[in-house]
Amino acid sequence: MKKVLERFQVEYLQILNENGNCDKKLMPSLTKKQIKEMYEYMVLTRVFDDKALKLQRQGRLGTYAPTRGQEASQIGSVFAVQDDDMVFPAFRENGVYLARKMPMELLFQFWAGDERGMNIPKNVNMFPVAITVGAQPLHAVGYAIALKYKKMKAAAVTYFGDGATSEGDFHEAMNFAGVYKAPCVFICQNNQYAISVPVEEQTASRTLAQKAIAYGFDGIKVDGNDPFAVYKATYDALRKARSGKGPTLIECFTYRIGDHTTSDDAKKYRKEKEVKEWEKKDPILRLKKYMKKAGMFSERYENEVKKIAEGLVEKAVAKAESIQRLKPEEIFNYTYASLTEELKEQKEQIKLENFTIAEKKKSAGKNTSVVGELEEA
Ligand SMILES: Cc1ncc(C[n+]2csc(CCOP(=O)(O)OP(=O)(O)O)c2C)c(N)n1
C-alpha cells in the first residue's frame, strides 16, 4: 500500500505593496493614530541606527549590527505584542527595544561595551541582547511553557535571523514548542544573509516558514518590508498563542541594507545592484507612500518626526556618555556569577596593566582618566 500521509502549504502575506497600495480586504484594524505611531517608531529606529554607525566610526561605540531595511519587520511585529508578553531578541532588534520603551541611553551604553546598559527596567518585558546565534528561541520556549504551566494568558515572542535556523538550538526550541503547544511566536527576520552566507546556502527548504510544519505547527511567510502584513501575522499568531492553540513561525522576508556589522564589508559578497533593488523596497518609503495617499502625511509632519527623533537620539547619546565609565577589569563582572581561576588571573592582569599605565602617565606628568590612558596605550 502506498498513500499520501501529509501535504502541506505555506501562505505568503502581503497587504501593502511597494507603491503604497493596500489590499483593503486584508488590512488589519489599525487606527490612523496607530499607523502614524508605527511610522514614527520606524523613523526613530533609523535615526538611532544612523547615529550608532557614526558613533562607531568615531570610536564611541563598539561593534554594532545595523537595522536599516528591517524596520517594518521589527516595528510591525512589536506593535502587536502586548505589555505583559515577553520578548527574546537577537542582536539586531534595536527597533523592538525602542518600541518596547527601553530607555535609549541604555542601548547606547550597551553598544559602547558597558553591560550595565542591559540592566533592563522592570516595565520593559524584554530579555537582553543574545549574541550567541540561535540561543534565545530556547529561552523563549522555556518561558512560554512556564506561562502555560502557571495558566497565565501572556505569550513569549522571539526574534532571530535566517542563519539561526541552521542552529541545533532553533530546532530543539521548535520541537519543544510544538510538543508542549507553547504560547510562543517565532519571528524569523530572513534578511537573506548570515554574514556572507546567502539563505540559499543556508537551507534546501523553499521557505523558512515551512520548517514549522515538521514540528507540528503553522508557519507563514510575510513580506517583511510591509508593516501591515507583519503586524497582522504577529497579531493573529499571538491571539492563537494566548488562546492555547500553540506556537507559530513567522518568516519576515526582508533585506539587510547595511553591512552585517561594523566589522563587515558586504561589498565583498553582495552585488551593488541587488542592494539598490532592495533600497527601492524601503519599508519607511512604502509606509510614507501609503500615508500620503490616505491624506495622513505632509512635508511638515515628515520634518517634525525627523527632528523629534534626532533630538531624542542626541539627548540619549549625551546621557549615555555622561555616565561614569567602567574600569576595564569590570568587564569580568557580567558573564559569570563566580569567576573561573583563569578569568580571575586575567582580571588581575588587566588591573595590574591598567595601574602600571596610569603610574607611567602620572610620572610623565599627564593627567587623564584611567580608561583614557588604557585607550591611548
Ligand atoms: C553560535 C554562534 N555561532 C557563530 C556566531 C558568529 N555570528 C554572529 S552573527 C552570525 C550570523 C547570523 O545570521 P542570522 O541568524 O541570519 O542573523 P542576521 O545577522 O542576519 O541578523 C554569526 C555566524 C555567533 N555569534 N554565535
Side-chain angles (χ1 to χ4, degrees), residues 45-46 48-49 52-53 56 61-78 87-98 107 110-111 113 115 118 126-141 157-174 185-212 219 221-222 224-225 230 249-270 274-275 278 281 283 334-335:
T45 305
R46 180 142 320 167
F48 173 93
D49 203 50
L53 285 170
Q56 195 280 337
L61 285 197
T63 305
Y64 174 78
T67 308
R68 182 177 277 262
Q70 299 182 211
E71 293 87 352
S73 293
Q74 296 195 7
I75 304 300
S77 55
V78 76
V87 175
F88 297 78
F91 44 80
R92 209 180 288 285
E93 280 69 63
N94 292 303
V96 179
Y97 274 113
L98 293 174
L107 288 177
F110 172 73
W111 290 115
E115 290 287 342
M118 276 295 127
M126 242 179 120
F127 261 57
V129 162
I131 301 288
T132 313
V133 171
Q136 71 283 6
L138 272 173
H139 308 159
V141 174
V157 179
T158 180
Y159 289 83
F160 50 92
D162 39 296
T165 66
S166 297
E167 290 287 348
D169 286 4
F170 164 76
H171 294 276
E172 289 164 23
M174 295 281 284
V185 178
F186 295 84
I187 301 179
C188 176
Q189 290 177 84
N190 176 4
N191 64 14
Q192 305 184 50
Y193 289 89
I195 315 186
S196 56
V197 179
V199 69
E200 301 76 31
E201 284 176 36
Q202 195 71 244
T203 179
S205 304
R206 198 161 151 213
T207 69
L208 296 173
Q210 74 200 54
K211 292 186 187 281
K221 180 165 178 167
V222 304
N225 286 14
V230 176
L249 168 63
I250 302 170
E251 175 187 354
C252 299
F253 187 63
T254 181
Y255 194 81
R256 153 168 66 75
I257 295 291
D259 294 323
H260 168 70
T261 65
T262 44
S263 322
D264 173 47
D265 178 5
K267 285 195 184 75
K268 295 214 164 103
Y269 55 86
R270 294 193 316 200
E274 181 183 289
V275 181
W278 278 92
K281 300 179 208 240
Y334 296 94
T335 306

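One-based numbering, in listed order, for ligands and for the atoms of each.
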Rounded to the nearest 0.5 Å, what's the gap from NE2 on His139 to CG on Asp169? Could you check? 7.5 Å
Here the gap from Leu107 atom CG to Glu93 atom CD, rounded to the nearest 0.5 Å, amounts to 11.5 Å
Roughly how far, to the nearest 0.5 Å, is the OG atom of Ser73 from the CZ atom of Arg92? 12.0 Å
From OG1 (Thr262) to CH2 (Trp111), nearest 0.5 Å: 9.0 Å
N or O pair under 3.5 Å between Ile195 and ligand 1: no
Note: Asn191, heavy atoms under 4.0 Å from ligand 1, region reported as side chain
What atoms of ligand 1 come closer than 4.0 angstrom to any heavy atom of Gly163? 14 (P), 15 (O), 16 (O)
Does the protein put a heavy atom less than 4.0 Å from atom 1 (C) of ligand 1? yes
Based purely on interatomic distance, does Phe91 place a nitrogen or oxygen under 3.5 Å from a nitrogen or oxygen of ligand 1? no
Check whether Asn191 reaches the backbone of Thr254 with its side chain - one donor and one acceptor, N or O, closer than 3.5 Å. no
Polar contacts were defined as any N/O atom of the residue lying under 3.5 Å from an N/O atom of the ligand; does this apply to His260 and ligand 1? yes
In the protein, which heavy atom is nearest to atom 25 (N) of ligand 1, and how far is it? Ile131 O, 2.9 Å
Mark up the atoms of ligand 1 that fall under 4.0 Å of a heavy atom belonging to Ala164, in ascending order. 15 (O)
Enter the distance from Leu208:CG to Arg206:CZ here, rounded to the nearest 0.5 Å. 12.5 Å
How does Glu167 reach ligand 1, by side chain, by backbone, by both or by neither, if only non-hydrogen atoms under 4.0 Å count? side chain
Ser166 versus Gln202, side-chain donor and acceptor atoms under 3.5 Å: yes
Any idea which atoms of ligand 1 are less than 4.0 Å away from a heavy-atom of Thr132? 1 (C), 26 (N)
In the protein, which heavy atom is nearest to atom 17 (O) of ligand 1, and how far is it? Gly161 CA, 3.7 Å
Below the 3.5 angstrom mark, is there an N/O of Asp162, backbone or side chain, next to an N/O of ligand 1? yes
Between Thr165 and Cys188, does a side chain to side chain contact (heavy atoms under 4.5 Å, CB included) hold up when you go through it step by step? CA-CA 8 Å; Thr165 66; Cys188 176; 4.1 Å; yes
Quick one: does Ala194 get an N or O within less than 3.5 Å of an N or O on ligand 1? no
Top protein contact for atom 18 (P) of ligand 1, by heavy-atom distance: Arg92 NH2, 3.5 Å
Mind telling me whether Phe160 and Phe170 have parallel, tilted or perpendicular rings, with 30° and 60° as the class edges? tilted
Quick one: CZ on Phe186 to CZ on Phe88, what's the gap to the nearest 0.5 Å? 11.0 Å
Determine, using heavy atoms of Tyr193 and all atoms of ligand 1, whether some pair is separated by less than 4.0 Å. yes
Look at atom 8 (C) of ligand 1 and say which protein heavy atom is nearest, naming residue and atom and giving the distance to 0.1 Å. Val133 CG2, 3.8 Å
